[in-house]
Amino acid sequence: MPIQVKFFASLKEDLPNARQQVEASEAATVEEVWYAATQLKDIPAHIVCSVNHSHEQIHQAVKDGDEVAFFPPITGG
Amino acid sequence: MPIQVKFFASLKEDLPNARQQVEASEAATVEEVWYAATQLKDIPAHIVCSVNHSHEQIHQAVKDGDEVAFFPPITGG
Amino acid sequence: MPVEVVTGAFDPAAKQQAFEATLTPGTFGATANFIGTMRTVNEGDDVVGMYLEHYPGMTETELQKIIADAAQQWRIIDALIVHRVGELEPGEPIVLTTVWSKHRKDAFEAVRYLMEALKSRAPFWKKETLANGDTRWVEKNTPGY
Amino acid sequence: MPVEVVTGAFDPAAKQQAFEATLTPGTFGATANFIGTMRTVNEGDDVVGMYLEHYPGMTETELQKIIADAAQQWRIIDALIVHRVGELEPGEPIVLTTVWSKHRKDAFEAVRYLMEALKSRAPFWKKETLANGDTRWVEKNTPGY
């Protein structure tokens, strides 16, 4: 089972063609998931990420079956 | 019109015979109103006082027509 | 910015909503409130009843001053204080303070200020009836900060 | 200590009262709440509508963590968070946070913590529709301290 990749809010609109699955062989960290899924060459500094519903840093290791999400700064409440 | 004197809460219960009016000729300050009204020789440190519905210190001057009140520490809310 | 001293049981939510209905919708983004409720235990003793005394006239004046002081210190759109007096039963609301503002910082800080100021300046006194029938005046409030 | 993400308009007072009815009367002396409401003006522009997106699953988990963190730091009896998602109209409530405690210090501090933590950690995003029909994602929250 590959890594599931999700994008939210403005990111989802800005990256309509991003992949929603990547293999662990393509990406060993959250940051590498970003590059593999978006095909972009950098990752904006303000991007927030999570692994399996928990906030993580971009250097967090990932494995097949994980759910990795990227989103802009939170604006609820 | 004399100075009106009021006592509240435990003070009112503890001083049932205190006078409710004193003349300005008997008392020029809040503290002197206390002595004239209660006939006590001292004024407990924790007593709170007001003149015309406004918090005041015991050395505040008073005049005929004023309403002077004494009460224990506030415990509302 | 109304203050109200009430002798019967009151519904804090109903009071707050009734007053909020007089405000312009969409102007306030933040509403912070505090409700003080009579507990059944105080200082380790079972409490079955409470009598709340106040100083008619001075109490209302002081509550208005407290709201005016808050309005000097924070950007508030409106504020409401309702305080119960007379005989209360456990579980009944004693006090409601509510602040409406554009942003949350003002509402949070002002509503807390209202309560602390009320507890130190507004003339109210609590007399508790204990389970054994004894009565006692509450001597001081618990610290708020 | 429930958290709830709701898609339709909700009545904060009704939510709070319904949950409070499950608590033991007389145990809590302090109830502090905060209601966030959609304003008609943001950053100087007229706002006529809002869409609130969230991350189903993570949002609820994060709200529960926030309440658990508050319960570690303050003596709270219970807490409630209700947050709206989907399409909103100006004047409608966005969020309710309520804390019940014995004494007011804990309720005041915990409810403010809940809001600040929610605004920095719980995945919600606001998209505004302006009077001229433009839409924009809100980029950051106003500071709370």
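Naming: A, B, ... by sequence-line order, numbering from 1 per chain. Not measured: the values here are computed from a predicted model.
- Proximity of C:Lys127 to C:Arg136: side-chain heavy atoms (C-beta onward) are nowhere separated by under 4.5 Å.
- With C:Trp125 contributing its side chain and C:Leu52 its backbone, the two residues share no donor-acceptor pair below 3.5 Å.
- Put simply, of C:Lys65, C:Lys119, C:Lys140, the one with the most heavy-atom pairs under 4.5 Å next to chain B is C:Lys119.
- Top candidate by heavy-atom pairs under 4.5 Å with chain B, chosen from C:Gly57, C:Gly36, C:Ser120, is C:Gly57.
- Side-chain atoms of C:Glu53 come within 3.5 Å of backbone atoms of B:Ala9 as a donor-acceptor pair (strictly under, hydrogens ignored).
- Using a 4.5 Å cut-off between heavy atoms, C:Ile94 touches chain B through its side chain atoms alone.
- Under a 3.5 Å cut-off, the side chain of C:Arg75 and the backbone N or O of C:Ser101 do not form any donor-acceptor pair.
- Looking only at side-chain heavy atoms (C-beta outward), B:Glu67 and C:Met58 stay at 4.5 Å or farther from each other.
- Using a 4.5 Å cut-off on side-chain heavy atoms (C-beta onward), C:Arg39 and C:Val47 make no contact.
- Heavy-atom distances place the backbone of C:Glu139, and not its side chain, under 4.5 Å from chain B.
- Per-residue counts of heavy-atom pairs under 4.5 Å with chain B were compared for C:Val138, C:Val85, C:Val95; the largest is that of C:Val138.
- The backbone N or O of C:Pro123 sits less than 3.5 Å from a side-chain atom of C:Thr59, completing a donor-acceptor pair.
- Chain C is approached within less than 4.5 Å, heavy atom to heavy atom, by B:Ser50, B:His53, B:Ser54, B:His55 from residues 41-64 of chain B, ordered by number.
- Chain C forms more heavy-atom pairs under 4.5 Å with one residue of B:Ala69, B:Ser10, B:Pro73 than with any other, namely B:Ser10.
- With hydrogens and angles disregarded, no donor-acceptor distance shorter than 3.5 Å links the side chain of C:Gln73 to the backbone of C:Ala70.
- Side-chain N or O atoms of B:Glu32 include one that pairs as donor or acceptor with a backbone N or O of B:Ala28 at under 3.5 Å.
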